[in-house]
Number of protein chains: 2
Amino acid sequence: MNAEKTALPEIDIPYVKQACSNCIMRELCLPVALASNVLDKLDELVYLRKRFKAGTHIYHAGNNFHYLYAVRSGFVKLETLNEDGREQVTGFYMMGEILGFDGIATDQHMCTAVALEDSELCVIPFDRIEHVGQEMEHLHHHFYMLMSREIVRDHTMMMLLSGMQGDARIAAFILNLSQRFHERGYSSYDLVLRMKREDIGSYLGMKIETVSRVLTKFRDQGLLEVHQKHVRILDMNGLQKLVGHHPCK
Amino acid sequence: MNAEKTALPEIDIPYVKQACSNCIMRELCLPVALASNVLDKLDELVYLRKRFKAGTHIYHAGNNFHYLYAVRSGFVKLETLNEDGREQVTGFYMMGEILGFDGIATDQHMCTAVALEDSELCVIPFDRIEHVGQEMEHLHHHFYMLMSREIVRDHTMMMLLSGMQGDARIAAFILNLSQRFHERGYSSYDLVLRMKREDIGSYLGMKIETVSRVLTKFRDQGLLEVHQKHVRILDMNGLQKLVGHHPCK
DNA sequence: CGGCATCTTGAGTTGGGTCAATGGTCGTGG
DNA sequence: CCACGACCATTGACCCAACTCAAGATGCCG
């Protein structure tokens, strides 16, 4: 909580757009409903958006932590470095989701965030969030909720990784995306997987050959239509059964 | 955030001990160093400790969320329920660690916390934390750090689960415990695994037979001495090599 | 001592990893 | 516009780590 953080440090990628008032967070479909005055406050605090081209880094593991990022459009993956330097995908973020919480613990980011397609993010200076006045304690509650949500999500992921077989992992993954798209007003049946098979494999703990094989199998079973990154769910129930129906180790 | 939370709801297990002032959190070896005045404030807010017998629940999935719990002594496991009702261990907490963050997101606990041995926990009313005044914003920072730490830890766990083989998982698990004991002033070589093989297996995503076999193998290789729950590390380096040395899938 | 829970060990099976080759798609430049 | 190459995805054959089932061994408590 050192004072020099209050003066915003130079951001390592050029600003793209100065925000007009009351328009940045407002349009953002946050996963938790916010009171109007909280949104106003957020718009005050969040004064810029930034575009990232597909493949560019939003932050690197080791970077000093200053900002959280809310995804306005696009798709972002989070990679965690393990002991031996290899990277592993530990999360995907889409419109309305916030990333960067990994940096608070040590004031340095522990993960690397990469845009999977051209994306636009809101840049949220975290120290401003922390220093909002007492009248804005709603804001703290909101961020506690967001972090808790991430923790719960990670626990779900751990369960999936340690308890389920390949089939169930892929099914759970597809259903999860489907649900998140649905919540944002998109079709829950027609999905575009913005990430490559390699990312899916890394995230789900399986090799890309296996990812591919499972997708083919699902297609043969009439559960999905698969054309490259485009996936159409034909049998939602069938997928749910795969997840729930004890195909656990 | 609703007002009735300010009045503390009945806690579902009887209080054991009313705290004397300035003694509850003080003695707690928190994972993040705290300024003295922050500790004072915490001692004000945290006004009770509670004992839990081995095997008893601290909270259940579905319980309304009111408190965080700091482990003063003992050992706690966290279990997450998956779709089909089976439970899976998603964390272990020892002295100085805080659990309960899973409840903030929806105001209901998403996991079940169980004492693995007789344990004493500090009960921290979360709404008091949220409503501390501006002068205590350090406290918010502290809790943001704790939550971020949990997120980072979960990411590490996800990596371990999806990227490592059985040998490496067990090695990483033992080294992790060793480190945490060491940080708390205990030997990093002589460990007592408070949980059963089944819990380890659930946590690490392997069957108890495999856990057992790996431990036996490590014993045969001279890495460990194993007597039931007591484990002595003979070759720390060897274990570290297993984790780092790409025995990944 | 018996009964119960936990842990270990063995034998056989399988899901998913490895290696290797083929097939698609896209972008660039002639 | 087509041809080339780079990159990504799919498919097949083979193999091994970890699962399953089953039997013992060990320890703990009354």
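The analysis underlying the following values was restricted to heavy atoms, covering all of them including side chains, and did not include hydrogens, waters or symmetry mates. Residue numbers begin at 1 in each chain, while the letters A, B, ... track the order of the sequences.
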>> Test side-chain contact (heavy atoms from CB on, under 4.5 Å) on Tyr69(A) and Tyr59(A); report intermediate values, then the result.
In response: CA-CA 10 Å; Tyr69(A) 300 86; Tyr59(A) 56 80; 3.6 Å; yes
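- Across all strands shown, Lys229(A) has heavy atoms under 4.0 Å from sugar-phosphate atoms exclusively, and none from any base.
- The separation between Asp167(A) atom CG and dG17(C) atom P is 12 Å, rounded to whole Å.
- The nearest whole Å value for the distance from the CG atom in Leu215(B) to the P atom in dT8(C) is 6 Å.
- Leu177(A) places none of its side-chain heavy atoms less than 4.5 Å from the side chain of Val231(A).
- Per the geometry, CD1 belonging to Ile200(B) stands 14 Å off C1' belonging to dT8(C), to the nearest Å.
- Note: CG (Leu204(B)) to C1' (dA18(D)) measures 14 Å, nearest angstrom.
- Counting heavy atoms from C-beta on, the side chains of Thr80(B) and Met110(B) never come closer than 4.5 Å.
- Two residues are said to be in side-chain contact when any heavy atoms from C-beta on lie closer than 4.5 Å; Phe173(A) and Leu160(A) fail this criterion.
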Show each protein N/O and nucleotides 10-13 of chain C N/O combination with a separation under 3.5 Å, one pair to a line.
from    : atom 1 : to        : atom 2 : distance (Å)
dG10(C) : N7     : Arg213(B) : NH1    : 2.9
dG10(C) : O6     : Arg213(B) : NH2    : 3.3

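- Between Thr210(A) and dG17(C) there is a side-chain N or O to OP1 or OP2 distance below 4.0 Å.
- Met236(B) has its side chain within reach of Ser178(B): a pair of non-hydrogen atoms, C-beta onward, lies under 4.5 Å apart.
- As rounded to whole Å, 14 Å separates atom P of dT14(C) from atom NZ of Lys217(A).
- Two residues, Lys196(B) and Thr216(B), neighbour DNA chain C, and the one matched to the more 5' nucleotide by heavy-atom proximity is Lys196(B).
- No option in Met95(B), Arg180(B), Met94(B) other than Met95(B) meets the side-chain contact (heavy atoms from CB on, under 4.5 Å) test with Tyr186(B).
- With Arg169(B) contributing its side chain and Leu161(B) its backbone, the two residues share a donor-acceptor pair below 3.5 Å.
- Distance, Lys207(A) NZ to dC16(D) P: 17 Å, rounded to whole Å.
- Within the 4.5 Å cutoff, side-chain heavy atoms of Ile170(A) are placed close to those of Met206(A).
- The distance from atom CE of Met164(A) to atom P of dG16(C) is 13 Å, rounded to the nearest whole Å.
- Remark: P of dA5(C) and CG of Asp199(B) are 16 Å apart, rounded to the nearest angstrom.
- Among the nucleotides dC19(D), dT10(D), dT8(C), the one closest to any side-chain atom of Met206(B) is dC19(D).
- For the OP1/OP2 pair of dT11(D) and a distance below 4.0 Å, the side-chain nitrogens and oxygens of Arg219(A) include at least one atom meeting the criterion.
- A ring-ring contact (aromatic ring centres under 6.0 Å, His included) with His109(B) is found for exactly one of Tyr67(B), Phe101(B), Phe65(B), namely Phe65(B).
- Distances were taken from every side-chain heavy atom of Ser212(B) (C-beta onward) to each of dT9(C), dT18(C), dG16(C); the shortest belongs to dT9(C).
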List every contact pair, protein side and nucleotides 28-30 of chain D side both N or O, where the distance is under 3.5 Å.
none

